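One structure is given here, and the rest of the page talks about it.
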Amino acid sequence: LDSLRVVAQDFQAKAKEIGFDAAVNQAGLQNQDTGFITAGSFFPLLGNSTSGLVNTFLSGSPGDISNVYEKEQGIYVFGLRETRPEGPQPVDEAETQIASKLKQSKKVKVASDRLVEVLGNIKTGKSLEEAAKFFNLTVKKPDAFTRVGFVPSVGSRNAFVGTAFRQPVGQTSDIVTTDRGAYILQVLSKTPIEEEKLAEERVTLYQQVLSQKRQEVIAAWFSDLRESATVEDNRHVFYSEF
């Protein structure tokens, strides 16, 4: 590690002297284009500690050389190629994400349309299992879950879970969609609240809720303060990684 640190520091000094690309060629190394990095965003080589690097380069100019960054995966030196003004991400860079979201949205729409006929059969008197079998679909029975619990193949804290807790026992729901898919669900049973246990834990639960609300108020206050305040972040002058 000490030897690698010396190599990295020597490379950094040489890059500042003759330029990043020339130093790479002279050392017989290969460089890698990182693409644009946003302050605070995740970057594989630095994790979420990108603000120091980005803010330093934003106040500099193309050709600037970074400090030496040491992480578990390796030791890095960065050279600034280009900066661009803040604003929406260009479409060509976001194309993959956009396409993925559109594909998933269309899949949910196709699944929802397919369930229209299934729901029609149920309304004519068929059971959920009979209607599903007729259309070659599967009925799955998850274990009991809470309002904040995770349901396999469904997720948590979504329309499916909300419908399950609103739906009377024995009744079949309308079509419910989430970002994962489309569903028709039937509530088989509900476990009532254990009043005695709730009474025993009331003080603890009260303190938990109170603490949560306090944190939410503090977070809202900080958020409002940040939006209304004029703050100049100069941490990058003193620290490399944050």
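All values reported here derive from a predicted model rather than from experimental measurement.
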- Heavy atoms, side chains only, cut-off 4.5 Å: are Thr56 and Leu53 in contact? no
- Query: Under a 4.5 Å cut-off applied to non-hydrogen side-chain atoms, are Val24 and Gln30 in contact?
  - Reply: no
- Item | Thr50 side chain vs Thr38 backbone, donor-acceptor pair below 3.5 Å | yes
- Could you tell me whether Gln32 atom CD has more than 12 heavy atoms of other residues or ligands within 6.0 Å of it? no
- Message: Can you confirm whether the side chains of Glu216 and Gln212 place a donor and an acceptor under 3.5 Å from each other?
- Response: yes
- Query: Just wondering, are more than 12 heavy atoms of other shown residues or ligands nearer than 6.0 Å to CG in Leu198?
  - Reply: yes
- Query: Given Phe11 and Phe20, is the ring-ring contact (aromatic ring centres under 6.0 Å, His included) satisfied, shown in steps?
  - Reply: CA-CA 9 Å; Phe11 172 82; Phe20 192 87; 5.5 Å; yes
- Do Asn48 and Ser41 have side chains that get closer than 4.5 Å, going by heavy atoms? no
- Using a strict 4.0 Å threshold on nitrogen-to-oxygen distance, state whether Lys109 and Asp113 make a salt bridge. yes
- Heavy-atom side-chain proximity of Ile65 to Phe78 below 4.5 angstrom: no
- Task: Assess the side chains of Thr178 and Asn158: does a donor N or O sit below 3.5 Å from an acceptor N or O?
- Result: no
- Message: Under a 3.5 Å distance rule, please check whether Gln104 uses its side chain to pair with a backbone N or O of Asp179 as donor and acceptor.
- Response: yes
- Minimum side-chain heavy-atom gap Glu82-Phe36 below 4.5 Å: yes
- Kindly check if the number of other-residue, nucleotide or ligand heavy atoms within 6.0 Å of CG (Asp92) is above 12? yes
- Message: Tell me whether the count of non-hydrogen atoms from other residues, nucleotides or ligands lying under 6.0 Å of CZ in Arg5 goes above 12.
- Response: yes
- Query: Hey, quick one: are Phe222 and Val231 part of the same hydrophobic cluster, counting side-chain heavy atoms closer than 4.5 Å, chains of contacts allowed?
  - Reply: no
- Query: Does Asn67 offer a backbone N or O that forms a donor-acceptor pair with the side chain of Ser240 under 3.5 Å?
  - Reply: no
- How about Gln207: does its CD atom have over 12 heavy atoms from other parts shown lying under 6.0 Å from it? yes
- Item | Heavy-atom donor-acceptor pair, Ser228 side chain to Asp224 backbone, under 3.5 Å | yes
- Task: Please answer whether the main-chain N or O of Gln167 pairs with a side-chain N or O of Lys190 as donor and acceptor at a distance below 3.5 Å.
- Result: yes
- Query: Between Glu241 and Lys71, is there a side-chain N and carboxylate O pair less than 4.0 Å apart?
  - Reply: yes
- About how many Å separate CZ of Arg84 and CD of Gln89, when rounded to the nearest 0.5 Å? 6.5 Å
- Query: Is any NZ, NE, NH1 or NH2 atom of the basic residue among Asp21 and Arg81 found under 4.0 Å from an Asp or Glu carboxylate oxygen of the other?
  - Reply: yes
- Message: Does any part of the side chain of Val169, heavy atoms only, come nearer than 4.5 Å to the side chain of Leu188, both counted from C-beta?
- Response: no
- Item | Between CD on residue Gln186 and OG1 on residue Thr172, distance to nearest 0.5 Å | 4.0 Å
- Using atom types as modelled and distance alone, determine if a side-chain donor or acceptor of Ser173 lies under 3.5 Å from a backbone N or O of Leu185. yes
- Task: Answer yes or no: is there a side-chain heavy-atom contact under 4.5 Å between Lys140 and Ser153?
- Result: yes
- Yes or no on salt bridge (charged side-chain N to carboxylate O under 4.0 Å, His left out) for Lys133 and Glu130, after CA distance, side-chain angles and deciding distance? CA-CA 5 Å; Lys133 185 177 181 180; Glu130 290 172 338; over 6 Å; no
- Query: Taking only residues two or more places apart in sequence or in another chain, which ones pass salt bridge (Lys or Arg N to Asp or Glu O under 4.0 Å) with Arg114?
  - Reply: none
- Task: Without swapping roles, check the side chain of Ser59 against the backbone of Asn55 for a donor-acceptor pair under 3.5 Å.
- Result: yes
- Quick one: does Ser223's side chain have a donor or acceptor within less than 3.5 Å of a partner on Ala219's backbone? no
- State plainly whether the residues Lys126 and Glu117 are in salt-bridge range, i.e. N to O under 4.0 Å. no
- Message: To the closest 0.5 Å, what do you measure between CG (Leu1) and CD1 (Ile75)?
- Response: 6.0 Å
- Report, as yes or no, whether the 6.0 Å neighbourhood of atom CZ on Phe165 holds more than 12 heavy atoms from other residues, nucleotides or ligands. yes
- Would the number of heavy atoms belonging to other residues, nucleotides or ligands and lying under 6.0 Å from CD of Glu95 be above 12? no
- Item | Whether Thr124 side chain and Asn121 backbone form a donor-acceptor pair below 3.5 Å | yes
- Return yes when atom CG of Leu225 has more than 12 non-hydrogen atoms of other residues, nucleotides or ligands closer than 6.0 Å, and no otherwise. yes
- Query: Applying ring-ring contact (aromatic ring centres under 6.0 Å, His included), which residue pairs with at least one partner in residues 106-162 are found, sequence neighbours left out?
  - Reply: Phe160-Tyr183
